[in-house]
Every structure is written in C-alpha cells, then in structure tokens.
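In what follows, every chain begins at residue 1, and chains take the letters A, B, ... in the order their sequences are listed.
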Amino acid sequence: MNTGLRRSTVVLWEELEGEIVVFDPRHDRALRLDSPVALLWKRLDGTNDIPALAAGLACAAADVRTLLANLDQMGLLE
Amino acid sequence: MRGAPPPSLFLKALGTPVEIACDRDVDRERVAMVFGAMHAPLGGGRPLVRLQVTCTGPMTARPRWCAMRDVDVIVDASDPVSLLLALDREVATTAIAETGDAAFIHAAAACDSRGALLLAGSKGCGKSTLVARLVQRGFGYLADDTAPIDVQTLQVRPFPRPLRMKQGAEELFVPWGSRLLPCTRLTDATDARPALVAPAPEIVPPAPSPIRAIVFPHFTPGAACRIARRRPAEVLVDLMELGYRVAGQDRAPAFRALAQLVRTVPCFGLEYSQLDEAVRAATSALASVVSNP
C-alpha cells in the first residue's frame, strides 16, 4: 500500500527561501534539498500516496518513486 | 638555588575558570601575553582546570617544555611555540566542552557599534587575516577560529583566543600598532605552524554582539575581489559542517538556532586576493545590511 509516505520523525528540517535543509542527528549530517525534492519533502506528511504526490508535483509516478528511493536510501523516511 | 615559582595565571575561557601555573617567570610572561585578553581574577571559586607548565634543561642546548593537565601530558615540546599552541588548544577544548548553550563554529568575528561580522570558513580560507585587519582598523575583537553563537539570542560571545596566522601573513600587519601583539616568531620558512597574535585586552567588547552579516571569505591568489549574496539553505549546510562536534552533545539546538540566524541575517561569499579590498567589501556589506535591515 502506498499511503502513509512520511518523513522520518528523527530528522529535523527547516525551509529557507523554498529550499529544505534536513539535519539527521543520527549521522550528524545536514543536507540541502532543492526543488523538486523540497516540494516532495513537504508533502511527505503521511497523507499522500504516490499518485497524489506525482499529481502535486506535476511529474510521473516513476520519477516520484526514484526521488523517494533516494530519500529512503539516506534514511530520511519512516 | 631556585626561588619560589611565579604566581599562577587565572583565565576565564567563556566563563570556565582555568589556572595556568609555570615554573619560570619567562614562560609565565609568554603565557600571560598570549592569554592576556582572557585574564580574570579567580574570585572565591576554584579553577575547573589546572595546567602546569614545566621547562626542563633551560640552561642546556636542548630545553623541553612540558604542559600537564592533572596527570595527562598535553604537550612535550622542544620550543615554546608548540607549548603555546597546545595550551591554546587545551583552553579552547575545555571551554567548548563546558559551554552547552552555544553553537561553536569555525569562524572569526569582529564588531563595531553596528554589530558583528561573522567570518566563517575552514582552515586556510583567510578568516584570521581578515579579522586581524578589521581589528587593526578599529573593530572590536570577538573571536578567531572558534566563534561561540548563543543559541537563544543568536549573538556571538567574546572568546578572545589568540589569532592563528599563517606564516608570512604577519608581514601584512607591520607596523603592528597597539591593538594586536605578535607573540611567536617562526624562523624556519618551512614551519607550517601558525603564528600566534594576541588581541590587546581593551579591544575585546565586554558583552556579546548581535550578528549583522555572515561572510565566507575565500583567499584566491590573483583573484579580483568579488562579494555576492549566498542562499540561506546553502549557508546553513556549510555552518553545520563548520560546527564543532562535542562527544555526546546534541546538535539539534544548534541546527535550529543557525537556521534562525541565516533566515534573518544576510550571508555573502567573498573571493579575494588583496586584503584591503576584502576589508572594504566586508565592511560595505555590513553597512548595506545596517542601512537596509
């Protein structure tokens, strides 16, 4: 099931002029997410599935899956 | 026959009381010069840390300087330059470990009545040289290498460690005047150690200063002077990267505070090769910020 895609609750994040900076205290690492990942990040609140995310970002579901896989690989998703 | 050892020196390193005891007057004078801006009477308390400096074989061709913290040797050196560098490192490490309500960044800082300029960057970017020139031109000295940013107020606290200057850079500051005091002289051109320059105590402001602009200097030989605004997200990542890590210390408050800082304070990248052009660019940035808040 694709619903419930959610940011890790361990990670801190801040939005600065449209960009997102995440800080992962487990690895003591800060990362900058620029568009479109920043837009995706803001929607990862557990209420959107992949089709909804793709519609919100006006991109293909396959692209969203790729971005999610990258975030997941960095340990930034629940 | 040896007389009594000279009296100990007492410092306040960001509020942490440190005692440095030397067994010879000449070493005490050296230490007093380097840490002059941090001198503070002990008052009624006890020093948290006591550092003992001993010189062995002072009359021989091969004297050695040893500094100990309790039973741990922090340096055993063949010249006083290494001794002073190690003492400075030890004092800084202690202050950082004991100060939980500040984010420590690899940065220098100088201030005037308008507020503070934070010069952030890794080793060799030119921040010490730039802060030294600002100080020589009348700015107050807040910090070099280790800038403590209060996570509540976002102000930079005075932490007047000696400046660490690249060998050769000192020539740019002759005549020194009375605001900065060169403490160590390196005679070997291949010596990679920095030269220590002490701030005169009277140029250190007594209170923290609000940060008005953050500048990332970058010394590039031959480059034309260029200053440009930087994006806050990019700067936040850099500041976290330049932050000091203390084992067991949670950096989440630092992240929140630095995010707030870059949200409210303009940030600039400054490429330069000529020091005085860089000083003009940095002070113009500060002036533009203050006149257009």
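Between the side chains of B:Tyr244 and B:Thr146, at least one donor N or O lies within less than 3.5 Å of an accepting N or O. For B:Gln155 and B:Ser209, the side-chain atoms include no donor-acceptor pair closer than 3.5 Å.
Interface residue B:Glu234: backbone and side-chain heavy atoms are both found under 4.5 Å from chain A. Proximity to chain B (any heavy atom under 4.5 Å) is shown, for A:Asp34, by neither the backbone nor the side chain. For B:Arg245, the part sitting under 4.5 Å from any heavy atom of chain A is the side chain, from C-beta outward, and nothing else. Only the backbone of A:Leu31 comes within less than 4.5 Å of a heavy atom in chain B; its side chain stays farther off.
By the 4.0 Å N-to-carboxylate-O rule, B:Asp144 lies too far from B:Arg161 to be salt-bridged with it. At a threshold of 4.0 Å, the pair B:Arg263-A:Glu17 does not count as salt-bridged, since none of the basic side-chain nitrogens sits closer than that to a carboxylate oxygen.
The residue among B:Val237, B:Asp250, B:Leu236 with the most heavy atom pairs within less than 4.5 Å of chain A is B:Val237. Residue with the most contacts toward chain A among B:Met240, B:Arg231, B:Gln260: B:Arg231 (heavy-atom pairs, distance under 4.5 Å).
Residue B:Arg226 qualifies as open at atom CZ: its count of foreign heavy atoms under 6.0 Å is 12 or below.
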